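Presented below is the structure to which this report refers.
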Amino acid sequence: MADIINLLSDSIANQIAAGEVVQRPASVVKELLENSIDSGAQQIKLILKESGKSLIQITDDGCGMSETDARMSFERHATSKIKKATDLFNIQTMGFRGEALASIASVSKIELKTKRIEDEIGTKIVIEGGKLITHEPNACTSGTTISVKNLFYNIPVRKNFLKSNNVEYKYIISEFMHISLAKPEIKMLMTNEGRDIYHLNKGHLKKRITSLFGNRIEKQLVPLNEETPIVKIKGFIGKPERAKKSRGDQFLFVNGRFIKNPYFNHAIFNAYDNLLPDDSFPFYILFLEIPSKRIDINVHPTKTEVKFEDDKAIYSILRASIQKSLNEHHVAPSLDFEQEAFYNLLSREERDNKKEDSKIKISFGQDSNVSKKSSQVQVKASENDWKELLSVLKLEKNESPKIKEEEIKFDLKNEVISKDDKKVIQIHNRYIFTPIHSGMMLIHQQYAHQRILFEEYLRNLKKDKIPIQKQMFPEILEFNELDFQMVTELKDDLEKAGISLEKFGEREFVINGIPANMKTDDSKAFVESVLDNYKNNLGNTQIDTKTKLVKSLAINAAIKTGKKLSTDEMLLIIDKLFACENPYYSPNGKPVFLKIEQDEIDRKFE
């Protein structure tokens, strides 16, 4: 039998590697921006066409490359960042694997122009599908310009799997924001289809945040700066009023690198305990500085996953630091954590090497009038404590149990009492209790009203559009680029749904009107909440855009739990609910009412 194992060619190997490194245009943007940062650039410009599908061009004023280095940079596992295996445990640069350029070049047409400041002439290299086309001297400015054209032109299957231009553009914006936030000392420019998107001058972090999210966010920021032997934490967290019902404004960095870490996110959310509703997410931009030897970033080619040696200690310090900052800005109740709380989390060797006066101390609520004795809380981080904490993490997602539809469906016309009886009671300002012929019924007032409005809005949209009441004093909404693009796309559908918006400024809209039957003193908060709920449903491909909008509108316009209702209001809800096509479930799929049979009640007393 003939031998069947073959050594893959470099071009095939590069295309395989590209499957992990280059997943979409945003992946290319991330890798090239990181290379520019590692070059020591003080100014970086990104130019896009067709959301990166036809062109991604990045120009920087970094150190540039020699002729030999320029050619070597496209070879697999060629890097200037590490030389030996031990260097993997002391990485100070953004990139280090030496596979990005080779992978990108294997699936695109790429042109590189680069020159060192000390050289008189630079170098130009053109590669198509991994094959060298041109390698020649070039009269270019100092620094590097890389143009990636026709991404995945030689792999049609991969190209066909790319999303629409708008979706791919949003991914690119996310990567650009991560780099921009991590490096506020670098001037960052971005152009899309000839339109200037961002012109971010170098400055401090707060200035960069306002440039990306709007000037109004400045008053909603709480600074955080904490230093311990295990981790240094700095950045900003948002006040509770900044929280949204959709994720997206959470940014966590480790040693200047954006990461994804659900465990640390849980610590941050826990720090806002009792300050936010369960379905809200706080705003934060936090930077953790940890000795390189205590983390491993060589987990995945995207480098967004990091392993930590002291993750439990970091969890506690992160949560406590946020609570401290919230307390100092009069947002949270005051607490004092004794220094022993965190000292117990250190390894035995670290404890032996530290003197008593060098223990970690994070003091909360220094201005509190509570006595020192009563305000101190000692936390022992024993193994059982951590097991208990981890068990809590499993319950983070508190979902309501599913109820089968056949369990609550019945002949409504024969069951619901007549309006003349007026036998309705409101319980806990949350539920409407009413007797029916076969027993009794408990109706969730908020979910019921959501269903009523949802079907009402859908009917109005089918006819024409939801009536709009004009605002006497129009309010201004300010967005980041991602949300601005979303609202721009939704503008016509929002108009039909009763929300009239008009472009105003670079990334702003003016609220000219809201649905006519909407009663609110804060139209801005209402519209923001509608958009947040819409974003939460973006992943649902089973319903169209208009239905998602109407669903969001109904959820936000409905009465809430806690509102006291009159008898007439309760009866009106009952009448309208059971006139709906589907009175059984809210727009979010929650059961609207529970029915208890008379026989079941009788059995309870036997």
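All figures in this text were calculated on a predicted structure; none of them were measured in a lab.
Under the 3.5 Å distance criterion, the side-chain polar atoms of Ser325 are left unmatched by any main-chain donor or acceptor of Ile322. Within the 3.5 Å criterion, the main-chain N or O of Ile290 finds a donor-acceptor partner in the side chain of Asn255. Using modelled atom types, no side-chain atom of Ser529 and backbone atom of Ala525 make a donor-acceptor pair closer than 3.5 Å. With Arg319 contributing its side chain and Phe269 its backbone, the two residues share no donor-acceptor pair below 3.5 Å. Looking only at distances, no side-chain donor or acceptor of Arg507 sits under 3.5 Å from a matching main-chain atom of Leu212. Looking at Ser54, its side chain does come within 3.5 Å of a backbone N or O of Lys49 through a donor-acceptor pair. Of the possible donor and acceptor atoms, one in the side chain of Thr488 sits under 3.5 Å from a partner among the backbone N and O of Phe484. Looking only at distances, no side-chain donor or acceptor of Ser27 sits under 3.5 Å from a matching main-chain atom of Val22. At least one donor-acceptor pair under 3.5 Å links the side chain of Arg451 to the backbone N or O of Asn582. Between the side chain of Thr191 and the backbone N or O of Gly194, no donor-acceptor pair lies under 3.5 Å.
When all heavy atoms of Lys183 and Arg208 are compared, the pair lying nearest together is O-NH1, 3.3 Å. Taking every heavy atom of both residues into account, Thr561 and Gln446 meet most closely at N-OE1, 3.1 Å. The shortest non-hydrogen separation linking Leu181 to Pro184 is O-CD, 3.4 Å. The heavy-atom pair separating Asn556 from Val530 by the smallest distance is ND2-CA, 3.4 Å. Scanning all heavy atoms of the two residues, the minimum distance from Ile499 to Pro515 falls at CG1-CD, 4.0 Å. What you find for Ile317 and Ser321 is that their closest heavy atoms are O-OG, 2.7 Å.
Taking the side chain as every heavy atom from C-beta outward, Ile209 and Phe251 never approach each other to under 4.5 Å. Inter-residue side-chain proximity for Leu151 and Lys159 is flagged as unmet; no heavy-atom pair is nearer than 4.5 Å. Two residues are said to be in side-chain contact when any heavy atoms from C-beta on lie closer than 4.5 Å; Ile468 and Glu495 meet this criterion. Annotation: side chain of Met177 is not in contact with side chain of Phe258 (no heavy-atom distance under 4.5 Å). Side-chain contact between Asp483 and Lys535: present, with at least one pair of heavy atoms (C-beta onward) separated by less than 4.5 Å. At a threshold of 4.5 Å between non-hydrogen side-chain atoms, the residues Asn480 and Asp249 count as touching. Counting heavy atoms from C-beta outward, Asn225 and Glu227 have side chains that stay 4.5 Å or more apart. Looking at Ile44 and Ile179, their side chains never come closer than 4.5 Å, going by heavy atoms from C-beta outward.
Residue Arg24 is tested with Glu168, Glu175, Glu31 for a salt bridge (charged side-chain N to carboxylate O under 4.0 Å, His left out); the sole match is Glu168. Checking each of Leu55, Ile172, Ile173, Asn165 against Leu48 for a side chain to side chain contact (heavy atoms under 4.5 Å, CB included) leaves exactly one that passes, namely Ile172. Under the side chain to side chain contact (heavy atoms under 4.5 Å, CB included) rule, Tyr447 has a single partner from Gln450, His449, Gln445, which is Gln450.
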Query raised in the report: Hey, mind stepping through Ile237 and Leu286 against side-chain contact (heavy atoms from CB on, under 4.5 Å) and telling me if it holds?
Result: CA-CA 7 Å; Ile237 54 178; Leu286 295 175; 4.0 Å; yes
Requested in this report: For the pair Asn270 and Gln323, evaluate side-chain contact (heavy atoms from CB on, under 4.5 Å) and give the outcome as yes or no after the intermediate values.
Outcome: CA-CA 9 Å; Asn270 262 2; Gln323 289 174 334; over 6 Å; no
Report task. For side-chain contact (heavy atoms from CB on, under 4.5 Å), just list the numbers for Ile511 and Phe526, CA-CA rounded to whole Å, side-chain angles, deciding distance to a tenth of an Å, and then say yes or no. Result -> CA-CA 11 Å; Ile511 305 173; Phe526 169 72; over 6 Å; no
Requested in this report: Test Lys551 against Asn588 for side-chain contact (heavy atoms from CB on, under 4.5 Å), laying out the working first.
Outcome: CA-CA 8 Å; Lys551 176 180 174 181; Asn588 273 337; 2.8 Å; yes
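Atom CG of residue Leu189 and atom CG of residue Leu200 lie 7.5 Å apart, to the nearest 0.5 angstrom. A distance of 4.0 Å separates CD1 of Ile58 from CG of Leu33, quoted to the nearest 0.5 Å. Distance check, rounded to the nearest 0.5 Å: OG of Ser51 to CG of Asn192 gives 5.5 Å. Atoms CG and OG, from Asp311 and Ser316 in turn, are 10.0 Å apart once rounded to the nearest 0.5 Å.
Side-chain atoms of Gln250 and Asn265 include no donor-acceptor pair closer than 3.5 Å. If you check the side chains of Ser523 and Glu475, you find a donor sitting under 3.5 Å from an acceptor. Side-chain N/O atoms of Gln485 and Glu481 include a donor and acceptor closer than 3.5 Å.
Within a 6.0 Å radius of CD in Glu289, other residues, nucleotides and ligands contribute more than 12 heavy atoms. More than 12 heavy atoms of other residues, nucleotides or ligands shown are found within 6.0 angstrom of NZ on Lys560. More than 12 heavy atoms of other residues, nucleotides or ligands shown are found within 6.0 angstrom of NZ on Lys524. By the 6.0 Å contact criterion, CZ on Phe287 is enclosed, its count of non-hydrogen atoms from other residues, nucleotides or ligands being greater than 12.
Aromatic ring centres of Tyr263 and Phe308: separated by at least 6.0 Å. The aromatic ring centroids of His444 and Tyr431 lie less than 6.0 Å from each other. Aromatic rings of Phe236 and Phe283 (six-membered ring for Trp) have centroids beyond the 6.0 Å cut-off, not under it.
In summary, Lys202 and Glu185 do not engage in a salt bridge, as defined by a charged side-chain N under 4.0 Å from a carboxylate O.
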